Enquirer: 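This is the structure I have questions about; it appears just below.
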Amino acid sequence: QVRLVEAGGGSVQAGGSLRLSCAASGYTYSRNCMGWFRQAPGKEREEVAFIYTGGGPTSYADSVKGRFTISQGNTRNTVYLHIDSLKSEDTGMYYCAADPSAPGNKCRVGRQMNYWGQGTQVTVSS
């Protein structure tokens, strides 16, 4: 059973930075498509960033380019989302997702993911 666990959310002031983490377990793929999504209050969930673990490409939604960085941890089953210059509109629940079956060239914005974490809340105050 694939399991994704997010951590690192919290309350921060606008202009600050935050790093979210996602630990995946329960599958044996050596490489994996993982992504971050977010859902602001009263809005639909939106994709944020994708990474193909094991040194693969990254992909970002246009709305977050320049402030968000997705990266892989020391293990291929851990990914991070670093957010700089936080804005109030970044407030929301941030979800980690995975699609172990996706090839590297399909791990990008627009990919439908198969597994989801429970989310971690980010609240930005001005």
Side-chain angles (χ1 to χ4, degrees):
Q1 181 73 18
V2 176
R3 185 168 180 242
L4 303 172
V5 179
E6 303 96 334
S11 296
V12 294
Q13 288 194 330
S17 298
L18 204 61
R19 189 180 77 163
L20 309 180
S21 65
C22 173
S25 62
Y27 54 78
T28 58
Y29 290 87
S30 60
R31 306 189 71 177
N32 183 27
C33 178
M34 297 184 72
W36 285 96
F37 294 70
R38 67 180 180 182
Q39 187 168 19
K43 295 187 178 181
E44 294 186 354
R45 187 169 59 193
E46 64 172 341
E47 52 197 355
V48 172
F50 293 77
I51 187 169
Y52 192 62
T53 65
T58 57
S59 176
Y60 295 90
D62 288 340
S63 61
V64 304
K65 285 181 179 177
R67 294 193 302 118
F68 287 49
T69 304
I70 189 170
S71 62
Q72 178 183 325
N74 290 332
T75 68
R76 292 182 178 179
N77 294 338
T78 302
V79 295
Y80 299 101
L81 183 70
H82 189 93
I83 311 172
D84 287 321
S85 303
L86 279 156
K87 305 176 181 179
S88 57
E89 51 261 45
D90 294 323
T91 293
M93 189 68 80
Y94 283 71
Y95 298 92
C96 178
D99 181 1
S101 65
N105 61 352
K106 300 295 185 183
C107 183
R108 59 176 183 260
V109 170
R111 181 77 188 179
Q112 298 297 312
M113 309 298 267
N114 294 334
Y115 301 98
W116 294 84
Q118 294 299 306
T120 185
Q121 177 68 36
V122 173
T123 302
V124 183
S125 58
S126 57

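In what follows, residues are counted from 1 in the order of the sequence shown. Just so we're clear, the structure is a prediction, and the values are computed from it rather than from any experiment.
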Enquirer: What distance do Y52 atom OH and I70 atom CD1 have between them, rounded to the nearest 0.5 Å?
Expert: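 Here the rounded value is 14.0 Å.
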
Enquirer: Taking E47 for its side chain and G110 for its backbone only, find out whether a donor-acceptor pair lies under 3.5 Å.
Expert: yes

Enquirer: With rounding to the nearest 0.5 Å, note down the distance linking CE in M113 to OH in Y95.
Expert: 15.0 Å

Enquirer: Can a donor-acceptor pair be found, under 3.5 Å and without considering hydrogens, that links the side chain of R67 to the backbone of S85?
Expert: yes

Enquirer: Out of curiosity, Q121 CD to Q39 CD, how far, rounded to the nearest 0.5 Å?
Expert: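 Separation between the atoms: 10.5 Å.
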
Enquirer: Starting at CZ of R3, measure out to SG of C96 and round the result to the nearest 0.5 Å.
Expert: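 Answer rounded to 0.5 Å: 12.0 Å.
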
Enquirer: Would you confirm whether T123, through its side chain, and T91, through its main-chain N or O, come within 3.5 Å as a donor-acceptor pair?
Expert: no

Enquirer: Calculate, to the nearest 0.5 Å, the distance between atoms CG and CG belonging to N32 and D99 respectively.
Expert: 7.5 Å

Enquirer: When rounded to the nearest 0.5 angstrom, what is the spacing between CG in L81 and OH in Y60?
Expert: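 One gets 7.5 Å once the value is rounded to the nearest 0.5 Å.
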
Enquirer: Does V64 reach the side chain of R38, with side-chain heavy atoms less than 4.5 Å apart?
Expert: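 With C-beta onward as the side chain, the pair touches.
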
Enquirer: Counting distance only, does the side-chain N/O of E6 pair as donor-acceptor with the main-chain N or O of C22 below 3.5 Å?
Expert: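 No.
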
Enquirer: Looking only at heavy atoms, which two atoms of A24 and L4 are closest? And how far apart?
Expert: CB-CD2, 3.3 Å

Enquirer: Can you check whether G26's main-chain N or O pairs, donor with acceptor, with Q1's side chain at less than 3.5 Å?
Expert: no

Enquirer: Taking C-beta and beyond as the side chain, do L86 and Q13 meet within less than 4.5 Å on heavy atoms?
Expert: no

Enquirer: Would F50 end up clustered with W116 when hydrophobic side chains under 4.5 Å apart are linked, directly or stepwise?
Expert: yes

Enquirer: Is there a donor-acceptor contact under 3.5 Å from the side chain of R19 to the main chain of H82?
Expert: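 The answer is no, because no donor-acceptor pair under 3.5 Å joins these two groups.
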
Enquirer: For Q118, does the CD atom sit with more than 12 other heavy atoms under 6.0 Å from it, leaving out its own atoms?
Expert: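 Open.
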
Enquirer: To check you understand the geometry: which heavy-atom pair defines the closest contact between P41 and G92, and what is its length?
Expert: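 Closest heavy-atom pair between P41 and G92: CD-CA, 4.4 Å.
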
Enquirer: Under the side-chain contact (heavy atoms from CB on, under 4.5 Å) rule, collect the residues that match up with P103, sequence neighbours excluded.
Expert: N105, K106

Enquirer: Indicate, with yes or no, if I51 and L20 share a hydrophobic cluster defined by side-chain heavy-atom contacts under 4.5 Å among Ile, Leu, Val, Met, Phe, Trp and Tyr.
Expert: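 Yes.
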
Enquirer: Work out which heavy atom in A14 is nearest to a heavy atom in S126; give both atom names and the distance.
Expert: CB-CA, 4.2 Å

Enquirer: For V109, does its backbone N or O pair with a side-chain atom of S59 as donor and acceptor, under 3.5 Å?
Expert: yes

Enquirer: Is V79 reachable from Y115 through a run of hydrophobic residues whose side-chain heavy atoms are each under 4.5 Å from the next?
Expert: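 Yes; tracing contacts between hydrophobic side chains, which count when under 4.5 Å, links both residues.
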
Enquirer: Under a single-linkage definition using a 4.5 Å side-chain heavy-atom cutoff for Ile, Leu, Val, Met, Phe, Trp and Tyr, are V12 and Y94 assigned to the same hydrophobic cluster?
Expert: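 Shared cluster, yes.
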
Enquirer: Quick check, are the ring centers of W36 and F68 under 6.0 angstrom apart?
Expert: no

Enquirer: Quick check against the 3.5 Å criterion: does Y80 have a side-chain atom that pairs as donor or acceptor with the backbone of T69?
Expert: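 No; zero donor-acceptor contacts below 3.5 Å.
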
Enquirer: For the side chain of R31 and the backbone of T53, is there at least one donor-acceptor N/O pair under 3.5 Å apart?
Expert: yes

Enquirer: Does the pair K87/D90 count as a salt bridge with the N-to-O cut at 4.0 Å?
Expert: no

